[in-house]
There are 2 protein chains.
Amino acid sequence: MTDTNTALHADAARPSRREQILRAAAQLFAERGSRAVGVDDVGAAVGVTGPAIYRHFASKDAMLAEMLLRISERLLEGGTSRVAATGDDPMAQLRTLIAFQVDFALDNPALITVHDRDLGSLSAEEAAQVRRLQRRYVEVWVDVLGRVHPESDAATNRVRAHAVFGLVNSTPHSAGRLPRRRTAALLAAMAEAAATA
Amino acid sequence: MTDTNTALHADAARPSRREQILRAAAQLFAERGSRAVGVDDVGAAVGVTGPAIYRHFASKDAMLAEMLLRISERLLEGGTSRVAATGDDPMAQLRTLIAFQVDFALDNPALITVHDRDLGSLSAEEAAQVRRLQRRYVEVWVDVLGRVHPESDAATNRVRAHAVFGLVNSTPHSAGRLPRRRTAALLAAMAEAAATA
DNA sequence: CCCGTTCGTGAACCACCGTTAACATCCCCG
DNA sequence: CGGGGATGTTAACGGTGGTTCACGAACGGG
């Protein structure tokens with residue numbers, strides 16, 4: 001039971017297996033949904049039988065939980081740090097956030113998909129923890145949007161934030177239709193136009 | 001085996017049970033995902049035991065299939081008819097499409113959620129049929145966007161269309177935060193700004 | 001009034017899948 | 001060299017859940 005924190009330094013310490021499994025699982029979960037993917041499927045994807053996974057994860061749910069927690073942490077950490085690293089011009093901060101979200105969505109379409117589809121498959125506590133992180137990330141956006149739109153209240157800016165997420169996170173649906181640079185530029189321009197409307 | 005077309009006139013002919021089941025199932029599927037919802041759950045939601053559902057549907061998958069087909073048909077039909085009923089000013093057509101999609105998304109957040117989450121839980125043929133309808137609906141948008149952006153190719157406008165869908169379909173995430181009129185106006189304004197960016 | 005259709009019930013069946021157990025391998029460290 | 005931890009394998013267990021079956025009640029028309 002000394003495994004609670006292994007997740008924190010997992011990818012740094014060990015480049016293999018456990019990480020392979022998480023990556024393969026993310027891909028499969030995104031394609032079919034976590035409930036439709038069997039432990040054997042995940043195992044097969046990394047050249048191993050199903051039960052072997054239990055040498056690396058306590059359960060299938062624990063896999064999903066770690067996946068979603070990592071995503072939420074990366075988004076929150078990346079968002080806050082980039083806003084902090086930008087001057088206090090609201091529009092500059094907004095552009096930074098948009099660029100970050102676009103890059104993330106283009107780099108990890110599978111994670112984006114799993115992130116907002118399989119939250120419901122988590123235990124109550126884990127789901128709550130993920131939601132806490134998500135909420136804090138949304139608040140980063142709401143703060144910036146609040147300075148871009150001083151006339152709007154927080155509720156309005158929350159709707160704005162979710163709308164922009166929806167726009168940018170459409171990458172799984174339009175993957176590979178255009179060269180990445182073009183897609184990134186287009187989505188960023190659309191997101192900025194939407195966020196400032 | 002004379003049931004292939006019952007779906008077409010189902011809601012018109014019979015206001016009850018079968019429709020109750022579909023509505024309840026849509027709600028439950030949206031909340032937890034179709035795989036996580038048992039036949040007994042759906043039955044209980046309409047005051048009936050699980051197996052009773054098989055008096056109205058051939059299988060659980062058939063339920064989901066009919067649900068997704070109806071959604072896709074409603075969108076395609078509504079989109080094409082409204083565009084046809086609008087003059088040939090591209091911007092007017094675009095605004096009509098946006099208003100239609102916003103209304104649909106605000107009226108049926110559950111259907112929106114199920115629509116792009118549980119497609120993978122369908123048999124190959126049914127999934128293909130739904131995708132055909134979706135594609136045709138996207139093409140309606142792409143055509144209009146093509147006249148708004150004569151400089152862009154179809155691939156670019158497809159990405160645009162998906163981005164706008166993502167924006168508008170964020171309603172399940174921001175449900176009830178603002179009065180409906182406000183949300184509708186905000187989303188429409190954002191969508192138009194994004195689509196014309 | 002009675003028969004067939006419709007709609008429902010509870011019990012049982014069966015396949016699938018997450019999980020555990022018992023047993024091999026490999027490899028590094030003392 | 002020898003033993004123990006990490007990593008896998010196969011077989012088996014057990015619960016869950018979709019589906020079927022045999023049966024009952026309501027009900028409308030000949």
Side-chain angles (χ1 to χ4, degrees), chain A residues 1-7 9-11 13-26 28-29 31-68 114 118 120-123 126, chain B residues 1-3 6-7 9-11 13-26 28-29 31-68 114 118 120-123 126:
Chain A
M1 283 295 187
T2 62
D3 57 355
T4 317
N5 52 355
T6 36
H9 40 266
D11 57 347
R14 178 161 339 173
S16 250
R17 219 17 59 116
R18 187 179 165 94
E19 290 308 310
Q20 287 179 33
I21 293 176
L22 269 182
R23 256 189 284 276
L28 290 173
F29 286 2
E31 288 167 4
R32 308 181 215 164
S34 68
R35 300 258 180 182
V37 176
V39 173
D40 290 346
D41 298 327
V42 177
V46 298
V48 152
T49 63
I53 289 183
Y54 290 85
R55 297 293 170 190
H56 305 276
F57 295 93
S59 69
K60 190 188 162 190
D61 282 345
M63 264 184 53
L64 180 62
E66 182 167 336
M67 220 168 99
L68 294 186
V114 177
D118 294 70
S121 305
L122 255 53
S123 75
E126 294 164 328
Chain B
M1 283 297 182
T2 62
D3 57 354
T6 37
H9 40 268
D11 57 347
R14 182 167 327 179
S16 252
R17 218 19 59 113
R18 186 179 165 95
E19 290 307 310
Q20 287 178 33
I21 293 176
L22 269 181
R23 257 190 283 276
L28 289 173
F29 286 2
E31 288 166 4
R32 309 180 213 162
S34 68
R35 300 259 179 181
V37 175
V39 171
D40 291 347
D41 298 327
V42 177
V46 298
V48 152
T49 62
I53 289 182
Y54 290 84
R55 297 292 170 190
H56 305 276
F57 295 94
S59 68
K60 188 188 165 192
D61 283 344
M63 263 184 54
L64 180 62
E66 182 168 335
M67 222 169 96
L68 295 185
V114 177
D118 294 72
S121 304
L122 255 51
S123 74
E126 294 165 328

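All values reported here derive from a predicted model rather than from experimental measurement. In the text below, chain A, chain B and the rest are named by the order of the sequence lines, each starting its count at 1.
Atom pair A:I53:CD1 and D:dT10:P shows a separation of 14 Å (rounding to whole Å applied). With rounding to whole Å, B:D41 atom CG is found 8 Å from D:dG17 atom P. If you measure from atom CZ of A:F57 to atom P of D:dT7, you get 12 Å, rounded to the nearest angstrom.
Separation of atoms CZ (B:R18) and CZ (B:R55) is listed at 14.5 Å; rounding is to 0.5 Å. Residue B:L64 holds its CG atom at 10.5 Å from CD of B:E66, rounded to the nearest 0.5 Å. One finds the CZ atom of B:F29 at 4.0 Å from the CE atom of B:M63 (value rounded to the nearest 0.5 Å). Remark: B:E19 CD to B:H56 NE2 distance equals 11.0 Å, nearest 0.5 Å.
Counting only distance, with no hydrogens or angles, the side chain of B:K60 and the backbone of B:I53 share no donor-acceptor pair below 3.5 Å.
Closest non-hydrogen pair, A:V42 versus A:A25, comes out as CG1-CB, 4.1 Å.
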Polar atom pairs between nucleotides 8-11 of chain C and protein, under 3.5 Å, N or O only, would you list them?
residue: C:dG8; atom: OP1; partner: B:R17; partner atom: NH1; Å: 2.3
residue: C:dG8; atom: OP2; partner: B:H56; partner atom: NE2; Å: 2.8
residue: C:dG8; atom: N7; partner: B:R55; partner atom: NE; Å: 2.9
residue: C:dG8; atom: O6; partner: B:R55; partner atom: NH2; Å: 2.2
residue: C:dT9; atom: OP2; partner: B:T49; partner atom: N; Å: 2.8
residue: C:dT9; atom: OP2; partner: B:T49; partner atom: OG1; Å: 2.5

Polar atom pairs between nucleotides 13-18 of chain C and protein, under 3.5 Å, N or O only, would you list them?
residue: C:dG18; atom: OP1; partner: A:K60; partner atom: NZ; Å: 2.9
residue: C:dG18; atom: OP2; partner: A:V39; partner atom: N; Å: 2.8

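Taking 4.5 Å as the limit, every side-chain heavy atom of A:M67 sits out of range of all side-chain heavy atoms of A:D118. B:L28 is not listed as a side-chain neighbour of B:S34, based on a closest heavy-atom distance of 4.5 Å or more.
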